Amino acid sequence: MFRTPGEVFEKERRYIMPTYKRQPIVLIEGKGAVVTDITGKEYIDCVGGIAVNAVGYSHPAVVHAIQTQAAKLMHVSNLYYTEPQVRLAEKLTALTGMAKTFFCNSGAESIEAAVKLAVKETGKSRFVAARGSFHGRTIISLSTTYEPKFRAPFMPLLLKSVEFVPYNDSDAVREAIDDETAAVILEPIQGESGIRVPSPSYLKEVREICTEKDVLLIFDEVQTGFGRTGAWFGKDHEGIQPDIMTLAKALGAGFPIGAMLARGGLEFEAGEHASTFGGTPLACATALASIRVIEDEKLVERSRDLGAYFLEHARSEHGLASSPVVKELRGKGLMIGIELARPCAEFVGQALEHGILINCTADTVIRLVPPLIISKEQLNTVLTVLRGIME
Ligand SMILES: *Cc1c(COP(=O)(O)O)cnc(C)c1O
């Protein structure tokens, strides 16, 4: 047992590669939207495992599903059938309107699968992606990720066949498409680059362009999925369907699982793609339990309403927006960005001291993606604390 945070920091420094800039707390448990550190201090969590913990921490229904399934059958090879996997695939196709599912273990893997499927189905290999995009850290997903500092050390390995166009500019997509383009890949709302919400017509226009030019449209809904934006999926705000979509983050309520779904007529054949851990009984049973919680507790509507409430209050007369530090407030549902006029790192530390976890993305944007079960009261506390530290 560790007695102080310092002992954990010390071992982390010694044994773990320093890929993460961590906040100086050691978290040991969570309940609802609150996490507790090793010293017993509690925090309202507006990071939520970065849009993963949609149903909050230790939800009894999810814990029960994990315990029951783990005691029964955790993993078997995909050489055999399992019930949770087919049930989850049926559920996901019903929720998304897509036809078939491939299961993997993370967001980046779901992008790998999407890109491979698009190349295989079209026989083409060029892609159009957006500036500001984030699709993951594996070589293919990083190839479609814009941020130069993520890409720089790996440039020699990255695909040369990805063209980046300005986000929220459908004409730019049209111009970038050529005879060799397999697909256009977009986030319905850009997460990592600072909660960039496109104008209402953008995704629809891109959908029409892709249809007209016979190019596949891939929506990366890894972050926007499962009620995060106040609809089941980001695409649902526009009432459009991509040809391929990717899911991960909130899918498993914190248990690692990803999925790539495609419309009818697009699929891998036997042997063309695979994953040892893709869609284990344990992962799928957990995801099914989490989806049931989202349905039963009406968390999609809750996300929509609480997100609107938060933005309205933040924009009210003495709200957050009136602070000179705040440049812009934006978001949909409980996917909220507060863009500051200066780097937000210092505010992350101050919020932490006041018992609030927030995340700073793209240097100047505070990203709030709390569990969708967060209470209005807790959001009020968040508003008060943020207002206080920005004064
Ligand atoms: C987080 C994220 C990914 C990558 O997911 P990992 O599970 O970290 O590989 C891909 N796309 C989007 C939009 C994301 O937010």
Side-chain angles (χ1 to χ4, degrees), residues 17 19-21 46-54 96 102-118 127 129-147 150-151 154 158-159 162 164 167-168 183-198 203 217-229 231-235 237 242 244-261 275 277-280 283 286-287 290 331-337 359-362 365 367-370:
M17 294 192 190
T19 44
Y20 306 103
K21 266 192 221 140
C46 289
V47 180
I50 310 196
V52 167
N53 304 320
T96 60
F102 171 82
F103 286 113
C104 52
N105 312 286
S106 66
E109 278 177 79
S110 70
I111 299 293
E112 297 280 324
V115 168
K116 283 179 73 175
L117 183 64
F127 287 82
R131 294 193 194 150
S133 63
F134 183 87
H135 299 296
R137 306 289 199 140
T138 58
I139 293 302
I140 285 182
S141 61
L142 186 59
S143 296
T144 59
T145 290
Y146 180 69
E147 181 61 41
F150 297 161
R151 299 165 58 90
F154 313 104
L158 300 185
L159 305 179
V162 181
F164 293 97
Y167 191 59
N168 201 22
V184 174
I185 178 166
L186 293 173
E187 295 157 84
I189 293 176
Q190 289 188 332
E192 217 59 30
S193 69
I195 317 296
R196 309 276 166 190
V197 185
L203 297 174
L217 177 59
I218 302 171
F219 277 168
D220 178 351
E221 297 246 22
V222 166
Q223 190 161 154
T224 47
F226 300 98
R228 174 54 53 194
T229 69
W232 269 98
F233 300 98
K235 70 182 178 61
H237 291 287
I244 298 173
M245 74 187 279
T246 60
L247 300 171
K249 292 205 162 90
L251 170 56
F255 197 92
I257 178 170
M260 182 273 292
L261 291 97
S275 166
F277 291 122
T280 66
T286 309
S290 175
K332 258 190 188 161
L334 285 172
M335 185 171 184
I336 295 166
N359 162 249
C360 173
T361 190
V365 183
R367 167 172 46 182
L368 305 178
V369 282

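Note that ligands are numbered from 1 as they come in the structure, with each ligand's atoms numbered from 1 the same way. Just so it is clear, the model here is predicted, and its values are computed rather than measured. Throughout, numbering of the chain's residues begins at 1 and tracks the sequence.
For a threshold of 3.5 Å applied to N or O pairs, the pair formed by Ala108 and ligand 1 contains at least one separation below that value. Checking only distances, Glu109 never comes within under 3.5 Å of ligand 1, N or O to N or O. Close N/O approach between Phe134 and ligand 1 is found [any backbone or side-chain N/O within under 3.5 Å]. When only interatomic distances are considered, the shortest N/O to N/O separation between Lys249 and ligand 1 falls below 3.5 Å.
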* Output, in order, the C-alpha distance, side-chain angles, deciding distance and verdict of side chain to side chain contact (heavy atoms under 4.5 Å, CB included) for Ile185 and Ile111. => CA-CA 9 Å; Ile185 178 166; Ile111 299 293; 4.0 Å; yes
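Per-residue contacts place Glu187 under 4.0 angstrom from the following atoms of ligand 1 (heavy atoms of the residue considered): 13 (C). Near His135, meaning under 4.0 Å from one of its heavy atoms, ligand 1 places the atoms 10 (C), 11 (N). Which parts of ligand 1 touch Asp220 is read off a 4.0 Å heavy-atom cut-off, strictly below it: atoms 10 (C), 11 (N), 12 (C), 13 (C).
Salt-bridge annotation for Glu187 and Arg196: absent, with no side-chain N of the basic residue lying under 4.0 Å from a carboxylate O of the acidic one.
At least one donor-acceptor pair closer than 3.5 Å links the side chain of Thr144 to the backbone N or O of Ser141.
The local environment of CZ in Phe277 is sparse, with at most 12 non-hydrogen atoms from other residues, nucleotides or ligands closer than 6.0 Å.
Scanning all protein heavy atoms for the shortest distance to atom 7 (O) of ligand 1 gives Gly107 N, 2.8 Å.
Inside a 4.0 Å radius of atom 15 (O) of ligand 1 there is at least one protein heavy atom.
Residue Ser110 is tested with Ile244, Asn105, Leu251, Val222 for a side chain to side chain contact (heavy atoms under 4.5 Å, CB included); the sole match is Val222.
In summary, the aromatic rings of Phe233 and Phe219 are positioned with their centroids too far apart to meet the 6.0 Å limit.
Counting heavy atoms from C-beta outward, Glu221 and Lys235 have side chains that approach closer than 4.5 Å.
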